[in-house]
Amino acid sequence: MKSAGSDRSRRRHPGTFRTVRHKLVCGVGREWIVADLAGAALLFAAVSLLGLGYVAGGDGARESLFTTLLINATVVVGLQVFLGNTGILSFGHVGFGAVAAYAFAILAVDVEWKQRLIGDAPFGLAETSIPPLLAISAAIALTLLVAAVVGLGIVRSGSARGDIAATVITLAVLFAAYEIAINWTDLTGGNRAGISFRPGTAMSGRSYAYAAFALALVVARLYRSSRSGRLARAAREDDLAARALGVNPAGHQMLALLLSVGLVALGACLRVWLTGTVSPERFFIDYTLLTLTMLVVGGRSSVTGAVTGSVVVTVLVEFTRTVAGPEVDTGPFDLVIRPGLTDVCLGLAMLGFMILRPNGLLHDREITDLPLLRRLLRLDRLAEHRHAVAATGPGTAPPQLQASFGSQAGPGSQAGPRSQSGPGSQASLGAGAAPAGAVNDKRLTVVDLCVEFDGLAVLSKAHLSVDRGRICGLIGPNGAGKTTILNVLNGIVPAVSGRVTLGGRVLDGLPSHQRARAGVARTFQNLRLFDDLTVRENVEVVALAHGASRSAARRRAAEMIELNRLTDVAMRRAKDLDYGASKRLEMARAAVSRPSFLLLDEPTAGFTEAESRLIVEQVRIVAERIGCGVVVIDHDLGFITAICDEVYCLDQGSVIARGTAAKIRSDPAVRSAYTGE
């Protein structure tokens with residue numbers, strides 16, 4: 001327990017504690033990089049020791065199997081970079097691998113041998129040969145170029161319409177690569193001959209396989225912790241909410257795709273070099289099924305899961321190969337076991353895990369999540385530092401907030417968006433807060449807004465005007481168009497006509513993420529959280545999307561988490577929160593971007609009257625802290641009366657009344673809209 005003296009000391013020397021907090025927060029980034037590198041090193045060591053134990057005293061077949069495992073694990077980790085972080089299922093990565101494999105073989109095979117295989121190769125390739133390492137580099141560069149072109153379609157369709165269209169495009173890549181490999185015989189050798197290395201020139205040893213595997217682990221772990229990786233995972237969890245809060249998924253999905261394809265291309269080149277040959281079947285359905293099964297079994301959201309799945313499925317494949325081999329007498333079950341046993345087992349493994357354990361063996365857990373390793377790497381201490389950020393900095397909740405959390409304050413509370421909560425209240429979140437006396441520096445306006453759905457008018461010449469620093473309520477019966485106005489303001493729904501401006505800037509035509517960055521953030525009527533991310537991560541990623549550094553994002557997230565009474569559940573997954581905490585998390589997540597205007601869609605839905613009174617105080621204090629205006633929809637007239645400076649009433653898509661809450665209550669048109677009188 002802290003003594004009174006220590007509290008007095010903190011008040012006397014606030015700068016000292018702010019300095020300590022700054023060091024704690026800003027020093028964490030480098031330590032997390034070290035933790036990621038340590039996690040990659042531990043995975044590398046674990047697989048290496050397992051493999052060395054397996055090949056010790058064994059024959060060449062064991063050596064080859066372990067080397068193949070390293071190469072396959074490189075490919076699977078490459079797949080995880082894209083599938084795990086974006087959530088887009090890809091069948092085309094093996095197709096990209098085929099491009100790299102053929103490019104490598106065509107460039108690396110010596111000229112004399114190549115003349116016998118593809119003597120009529122175009123572009124003078126039959127007379128060209130370069131060292132294998134240089135050929136690998138050229139093959140990866142060519143594959144990345146192809147991936148960048150195809151990726152434009154993949155990420156645009158995946159971002160805008162869900163991942164189904166993107167998955168179909170990747171499947172087309174796989175079949176296109178296969179058909180080209182079969183039919184362009186002058187370049188690829190066709191389906192029968194293929195391209196092979198001269199005997200004795202294939203890859204020997206495991207050094208290149210080790211290097212590729214280590215590189216894949218480092219890239220995957222660092223990308224997962226990077227800004228781009230975290231924003232990609234936010235969009236993976238809920239694309240619509242991510243866009244509404246300022247995340248543009250397309251750029252992050254493209255980066256993930258290129259990193260992923262680069263690693264897959266590297267693994268594909270080594271696979272060809274190891275076996276000494278490439279043919280269309282080696283990079284088609286069978287290899288696609290193998291690598292995807294490895295990823296599904298281990299867990300596509302985890303680098304450790306990708307590696308674990310590679311090891312487990314390799315053991316399964318080797319077991320089925322042995323069982324189906326001629327050395328095993330299967331008796332009367334011969335016809336059942338011999339044909340395609342490996343493919344049958346892979347299919348059953350994928351189907352079983354998709355049904356019984358869709359998140360795989362490890363889901364998103366990493367090797368560094370083991371309690372012993374967390375202690376060794378001081379990860380728990382870093383988490384404690386994050387909690388210390390909220391406890392020691394200027395983000396501590398103002399007195400009236402603490403009072404409202406401890407008692408059920410009624411509507412008569414003096415706290416409001418125009419009152420001053422004490423020194424430093426506007427400054428705690430930095431430059432995004434409005435300075436005193438400038439709360440009306442921006443205005444959000446809607447003029448003659450018309451929206452139609454399939455020819456049905458949902459909004460008809462609706463209008464709205466809200467000054468920054470004020471709270472405006474939207475009321476009306478169900479179907480009046482209230483949520484549609486918020487959707488138009490946030491860019492989710494296009495308007496047929498009308499104009500939306502923010503501080504004189506026209507927002508018409510801007511996509512959701514650009515409107516969010518312009519200063520319009522929102523919550524949703526139905527909860528739209530990033531379920532698999534923690535509370536802290538939910539809030540941090542929004543700050544990152546708005547340009548905050550990692551340390552600033554942590555600091556601002558900690559302040560908002562405390563302000564919304566979520567400190568005790570900061571490390572819990574969003575899907576594990578109760579309803580009230582989920583609603584507060586939506587508020588914290590929207591407010592951390594420091595918007596000019598906060599759009600709240602039924603923040604008290606499902607709450608009791610006492611809980612609604614607390615939400616009144618919550619909205620007021622959050623709005624005051626960040627200096628924003630608020631547009632709020634709610635059916636609870638008591639809530640609207642307690643919180644709003646001005647109220648608009650809509651009916652059948654049009655504004656039928658505007659004024660103070662008292663004026664709206666007594667308006668005959670409003671009573672008629674609600675009661676039908």
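Just so you know, residue 1 is the first one in the sequence shown, and it goes up from there.
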Least distance between heavy atoms, F82 atom then A256 atom: CD1-C, 4.0 Å

From I118 atom CD1 to I106 atom CD1, the distance as rounded to the nearest 0.5 Å: 5.0 Å

Results of side chain to side chain contact (heavy atoms under 4.5 Å, CB included) for L134 - residues two or more places apart only: I130, P131

Donor + acceptor pair across side chains of Q253, T86 (<3.5 Å): no

T314 and E318: CA distance, side-chain angles, deciding distance, side-chain contact (heavy atoms from CB on, under 4.5 Å) verdict: CA-CA 6 Å; T314 297; E318 185 63 13; 5.5 Å; no

CG-CD1 distance between L274 and I71, expressed to the nearest 0.5 angstrom: 4.5 Å

T170 side chain to F91 backbone, donor-acceptor under 3.5 Å: yes

Heavy-atom side-chain contact between L187 and P122 under 4.5 Å: yes

Close side-chain approach of F44 and Y210, heavy atoms under 4.5 Å: yes

Under the side chain to side chain donor-acceptor pair (under 3.5 Å) test, residues paired with N183 that sit two or more places apart: E179

Side-chain (Q80) to main-chain (A220) donor-acceptor, under 3.5 angstrom: no

Stepwise side-chain contact (heavy atoms from CB on, under 4.5 Å) test for M203 and T67: CA-CA 10 Å; M203 184 178 73; T67 306; 4.2 Å; yes

Test side chain to side chain contact (heavy atoms under 4.5 Å, CB included) applied to L258 - qualifying residues, sequence neighbours left out: L144, A147, A148, M254

Side-chain donor-acceptor contact under 3.5 Å, N191 with E281: yes

Set of ring pair (Phe, Tyr, Trp, His ring centres under 6.0 Å) partners for F96, sequence neighbours left out: none

Worked check of side-chain contact (heavy atoms from CB on, under 4.5 Å) between T277 and I195: CA-CA 6 Å; T277 183; I195 302 175; over 6 Å; no

Minimum heavy-atom distance G229-N85, with the two atoms named: O-OD1, 4.1 Å

Pairwise distance OG(S225) to CD1(I33) - rounded to 0.5 angstrom: 8.5 Å

Pairs touching residues 110-125 that satisfy salt bridge (charged side-chain N to carboxylate O under 4.0 Å, His left out), sequence neighbours left out: D110-R198, E112-R198

Within-4.5 Å side-chain heavy-atom neighbours: S310 and F213: no

Main-chain N/O of L69 paired with N72 side-chain donor or acceptor, under 3.5 Å: no

Validation row: L174, T288 side chains within 4.5 angstrom (heavy atoms): yes

L117 side chain near S196 side chain, heavy-atom distance below 4.5 Å: yes

NZ or CZ of R206 within 45° of F66 ring axis and under 6.0 Å: no

Side chain proximity check, L70 to T74, heavy atoms < 4.5 angstrom: no

Nearest-0.5 Å distance that lies between atom OG in S226 and atom CG in L255: 7.0 Å

Which residues share a ring pair (Phe, Tyr, Trp, His ring centres under 6.0 Å) with F175, sequence neighbours left out: F284

Under 3.5 Å: donor-acceptor pair, side chain of T304, backbone of I367: yes

Ring centres under 6.0 angstrom apart (F104, F197): yes

Flag, side chain of H546 to backbone of L245, donor-acceptor distance under 3.5 Å: yes

For R271 against T275, the heavy-atom pair lying closest together: O-OG1, 3.0 Å

Beyond-backbone contact of H513 with V247, side-chain heavy atoms, under 4.5 angstrom: no

S302 and H363: side chain donor to acceptor below 3.5 Å: no

Name of the residue among V75, T291, L257 meeting side-chain contact (heavy atoms from CB on, under 4.5 Å) with H93: L257

For the student: nearest non-hydrogen atoms of G97 and A268, plus distance: O-CB, 3.3 Å

Passing candidate, salt bridge (Lys or Arg N to Asp or Glu O under 4.0 Å) with E540, options R230, R556, R550: R230

Side chains of F353 and L361 in contact at under 4.5 Å (non-hydrogen atoms): yes

CZ (R300) with more than 12 external heavy atoms under 6.0 Å: no

Test side-chain contact (heavy atoms from CB on, under 4.5 Å) applied to I88 and L83, step by step: CA-CA 5 Å; I88 298 176; L83 275 70; over 6 Å; no

Side-chain donor/acceptor of R62 to backbone N/O of Y54, under 3.5 Å: yes

Distance (rounded to the nearest 0.5 Å) between L295 CG and L89 CG: 9.5 Å

Side chain R227, main chain A548, donor-acceptor under 3.5 Å: yes

For A126 against V111, the heavy-atom pair lying closest together: O-CG1, 3.5 Å

F530 backbone acceptor or donor facing N538 side chain under 3.5 Å: yes

Side chain S64, main chain A61, donor-acceptor under 3.5 Å: no

Short side-chain to backbone donor-acceptor contact, R233 and L533, under 3.5 Å: no

Point-to-point distance, once rounded to the nearest 0.5 Å, from CZ of R236 to CG of L231: 12.5 Å

Taking every non-hydrogen atom, the tightest pair across A35 and T368: O-CG2, 3.9 Å

salt_bridge(D364, R573) N-O dist < 4.0 Å: yes

